[in-house]
Amino acid sequence: MRQNKNRGQLNSMSICATALFISLLIFLLTCFSAVTYYSAEQKLVQAQAAESRSQEYFAAESTASEIIESFYQERRETSANLSGRSVYESDQGDIEVTKIDNVIYFSVPAGGGNILNVEAKVSKKQVVIQRWQLEKE
């Protein structure tokens, strides 16, 4: 009889240990799932911010390219060497372009407190980008 009593205690202890182990395992998996979900939300927010910055930069880059192309077209049509300032209208606002001899200087807002600074030497035959730099305002 003692052996049956001991076996009953062993069976109930092993059942309790198994239940405790399964409960602990479920708790750990739940914690892991919660942490994974939270970090995924954070990464989504970071990815959306990076996408926004990229779109703003490429818009600024496109505007800068249009300004250079516009000036290049002007240089091909007229041989006049005009120095001075002119204003180009763009999606980023009015951009002031300074022309000194064959070199143009301007800055395009690139979002997020950044500015794309551009310096390009334009001749009748080619455009040479001397500076194309993204900087903090």
Check whether Val118 and Val87 end up in the same hydrophobic cluster, where Ile, Leu, Val, Met, Phe, Trp and Tyr are linked by side-chain heavy atoms less than 4.5 Å apart. no

Heavy-atom check, side chain of Asn114 versus side chain of Lys136, under 4.5 Å: yes

In Å and rounded to the nearest 0.5 Å, what is the CD to CD distance from Gln130 to Glu119? 4.5 Å

Tightest non-hydrogen contact, residues Ser107 and Ile115, listed as CB-CG2, 3.5 Å

Verify, without hydrogens or angle tests, whether Ser70 (side chain) and Glu66 (backbone) share a donor-acceptor contact under 3.5 angstrom. no

Looking at every heavy atom in both Glu96 and Phe106, which two are closest together, and how far apart are they? O-CB, 3.5 Å

Which atom names give the shortest non-hydrogen contact between Glu56 and Ala110, and what distance separates them? CB-O, 3.3 Å

When hydrophobic residues are tied together by side-chain contacts of less than 4.5 Å, even through go-betweens, does Val128 share a cluster with Val103? no

Does some side-chain heavy atom of Tyr105 sit less than 4.5 Å from a side-chain heavy atom of Arg131? no

In Å, rounded to the nearest 0.5 Å, how long is the span from CD1 of Ile67 to CD1 of Ile104? 7.5 Å

Partner of Arg85 under side chain to side chain contact (heavy atoms under 4.5 Å, CB included), picked from Ile100, Thr98, Val97, is Thr98

In Å, rounded to the nearest 0.5 Å, how long is the span from CG of Leu44 to OG of Ser39? 11.5 Å

Counting only heavy atoms not in Glu41 (residues, nucleotides, ligands), do more than 12 fall under 6.0 Å from its CD? yes

Thr18 (side chain) donor-acceptor with Ser14 (main chain) under 3.5 angstrom: yes

Taking C-beta and beyond as the side chain, do Ile68 and Ile129 meet within less than 4.5 Å on heavy atoms? yes

Does any N or O in the side chain of Thr30 come within less than 3.5 Å of the main-chain N or O of Ile26, such that one atom is a donor and the other an acceptor? yes

